[in-house]
Structures are given as structure tokens and as C-alpha cells.
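Below is one structure; the comments refer to it alone.
Numbering of ligands and ligand atoms starts at 1, following listing order. All residue numbers in this chain count up from 1 along the given sequence.
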Amino acid sequence: MIFMLQINKNYALGDGEGDMRIAQNLYVVLHESGNQNDVYDNQAVVHEVQYMRNHYNSAYSTFFVGGGGQVFQIGEPGYVAWACLGGNPYSPVQIELARTADAGIFKKDYAAYIELARTYAQKYGIPLTLDAGGAGTAGIKSHQWITNNYGGDHVDPYAYLASHGITKQQLAYDLMHGLTVVDPITICNVVQAYSPNGGALTMYHANGQAFDNTPLISQTKWVSNGIVPDKFGRPMFLVGKDSYLPQRSTTLNQIVEINQKYGKCATAVTANGKVISGLGNKFKAQSRWKTADKLFNIKDVGWCYQVSNIEFIPIKYQVGSGFKG
Ligand SMILES: [Zn+2]
């Protein structure tokens with residue numbers, strides 16, 4: 001599975017709400033809601049998030065995951081949240097998980113939970129270890145570990161994870177290695193969001209409008225099913241229904257990487273659409289070529305990247321074209 005991380009900020013705390021203190025970057029804390037009423041409620045995560053939003057003065061976390069891998073933001077990442085008492089000042093991110101009895105929903109929730117923890121641990125320079133060491137040892141921590149080291153009585157999330165067959169050892173392994181299983185059919189078409197300065201990235205609708213409330217986190221990976229130009233001719237990866245990720249917002253900014261599904265070589269054409277012969281294996285699979293953030297519509301060939309004064313590569317050869325071989 002290739003995880004697609006989108007964060008719903010419709011219920012996020014606003015200015016002047018929640019703790020204003022910047023947390024020390026020691027822990028990412030893992031929770032689960034502990035609410036058994038959630039297990040047969042398809043909207044459990046939304047209900048949990050609404051409740052938390054309305055009662056943030058008593059307790060809140062940074063994120064809530066549930067409903068089949070949905071991620072909701074409540075507290076601002078990097079700031080103190082109120083979900084683990086004495087551990088709060090050291091935890092820039094705390095993640096809740098809504099319960100479900102549905103194994104399919106759990107699988108997606110768990111993937112989101114893991115990926116979110118890994119993404120933010122890396123963002124804040126926190127090791128991917130689980131419950132390692134004592135108080136002051138940075139890493140990803142269960143609420144149980146926080147309780148053991150800072151007091152309190154919560155011992156989540158292990159019992160709930162165990163109910164879906166996830167042991168502590170499995171959780172530790174998944175946090176360390178991630179859950180991305182490379183699918184040989186789609187590997188050629190995975191693109192990775194990338195922001196050189198770590199700033200927010202966004203996706204666009206087909207009409208050119210930016211998405212609301214779903215800033216992309218740098219380094220998230222997306223399966224692309226096609227490449228289309230926006231109205232300025234800039235290449236956009238089609239990564240979901242009416243969801244376009246600009247190529248300039250990925251690690252392929254101004255780069256053509258020959259889709260390895262071809263196994264051999266891409267063909268280049270001239271500006272007039274004539275196939276260039278005698279190139280040998282120049283444009284071989286996985287080779288990378290400098291290009292501009294612009295596509296050219298070449299007669300009888302279609303949209304192409306320009307990679308030299310005379311050479312154009314049809315978009316189907318680019319990683320993310322959706323070509324499956
Ligand atoms: Zn907890």
C-alpha cells in the first residue's frame with residue numbers, strides 16, 4: 001500500500017485556542033480513544049474530533065486518526081497539547097486513534113497512524129524508536145510509557161492494537177520501517193511531494209483551484225495515474241479524483257525520470273514529432289534528465305518534456321504517467 005497523507009483541518013484549533021507553548025521536541029505520543037462506543041460507529045472519528053474540539057479546554061491531542069485512514073488536526077503540531085499530563089511539555093505531536101471493529105477500516109487507520117507518527121518524528125528530529133529508555137530519552141512513546149515515566153493512569157494504545165493483532169513488537173517494527181509495500185505494478189508511478197524549504201505544498205482541482213484545508217506534508221508519496229498540463233502548460237500529476245499535484249512540488253521538479261516499467265529505453269522525438277533514431281540506450285529506464293516546468297504539445301505525439309535543444313520525451317515515459325507496461 002502506498003499511503004496518502006491528507007490532513008483535514010476543518011476542526012483545528014484557531015488563534016488563541018489551546019496551549020501557546022512550543023513543545024520540546026522529545027516525544028511523539030501514541031494514544032487510542034478508549035471509547036468502546038466507537039467500534040460500530042462509521043463516523044466515530046468525526047464524533048471524537050467534534051467532541052475534542054468542543055472540549056479542548058479539558059483535553060486535546062494534535063491529531064485524531066480513524067474512519068479508514070482519515071487524519072484530523074486539532075492542536076497545532078509543534079505546540080503543547082493536553083493528552084498525557086506530565087508528558088505534554090515534551091511532545092510536539094500527540095496522535096489519537098478512534099476504535100473500530102472493522103478490520104478493513106483498522107488496516108487503513110493503522111497505516112495512517114504509523115505514517116503520521118513517522119512523518120512528524122522525522123520532522124522534529126525525534127528517533128523512530130518505541131518506548132526506548134527512560135524519561136528524557138527522545139523517541140516515539142505510547143501513553144503507557146508516559147504514564148510509567150511521568151505518572152497518570154492511562155495505558156493506551158496497546159490493548160486496542162492487540163485486539164487487531166498488532167503486538168508492541170510489530171508496532172515498533174512498523175514505526176521504524178514504515179508500512180509502504182512496494183507494488184511492482186505501481187512503483188514506476190509513485191511521486192513524492194517535496195518542499196525544499198519545508199513549506200506548505202498544495203494540490204489543485206482540475207479547474208486550477210487550490211485545495212482548502214489540506215496542506216501537503218513534504219515527502220508524502222502518491223500514486224500518479226497520469227500527467228496533464230495546467231493552463232500554463234506546467235505538468236501536474238493526477239494523484240486522486242480531481243486531485244493534481246504539481247510536478248514542481250515533487251522530487252521530480254524539472255526532472256524527467258524514465259519510467260522503469262519500460263525496462264529498456266524511452267524514445268525521443270523532434271519538435272516536429274519525428275522519432276530520433278540512433279540514440280542507442282541513451283534514455284534508459286530510471287535515467288534522469290533536466291527539463292523545464294513546462295510541457296510541449298507536439299503534433300501527432302502529444303504532450304512532451306523538452307530535454308535538450310532537439311530532444312523531446314513523450315510524457316508517457318515519465319514516472320507518474322500511469323503507464324503500467
Ligand atoms: Zn492516551
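A cation-pi arrangement is not found for Lys108 relative to Tyr110, the charged atom failing to lie both closer than 6.0 Å to the ring centre and inside a 45° cone about the ring normal.
The Zn ion (ligand 1) sits nearest to atom ND1 when only the N, O or S atoms of His31 are considered. The atom of Asp156 that is an N, O or S and sits closest to the Zn ion (ligand 1) is OD2. Looking at His143 and the Zn ion (ligand 1) together, the shortest N, O or S contact belongs to ND1.
In this view, Tyr158 satisfies the ring pair (Phe, Tyr, Trp, His ring centres under 6.0 Å) rule with no residue, not counting sequence neighbours.
Backbone or side-chain N, O or S atoms of Glu32 do not reach the Zn ion (ligand 1) at under 2.8 Å.
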Quiz: residues 84-98 side-chain donor-acceptor pairs under 3.5 angstrom, not counting sequence neighbours:
unit_1, atom_1, unit_2, atom_2, d
Asn88, OD1, Ala83, N, 3.1
Asn88, OD1, Cys84, N, 2.8
Asn88, OD1, Gln94, NE2, 2.8
Asn88, ND2, Ala81, O, 3.4
Asn88, ND2, Leu85, O, 3.2
Ser91, OG, Gly87, O, 2.8
Gln94, OE1, His31, NE2, 2.8
Glu96, OE2, Ser61, OG, 3.0

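Between Tyr27 and Trp145, a ring centre-to-centre spacing shorter than 6.0 Å is recorded.
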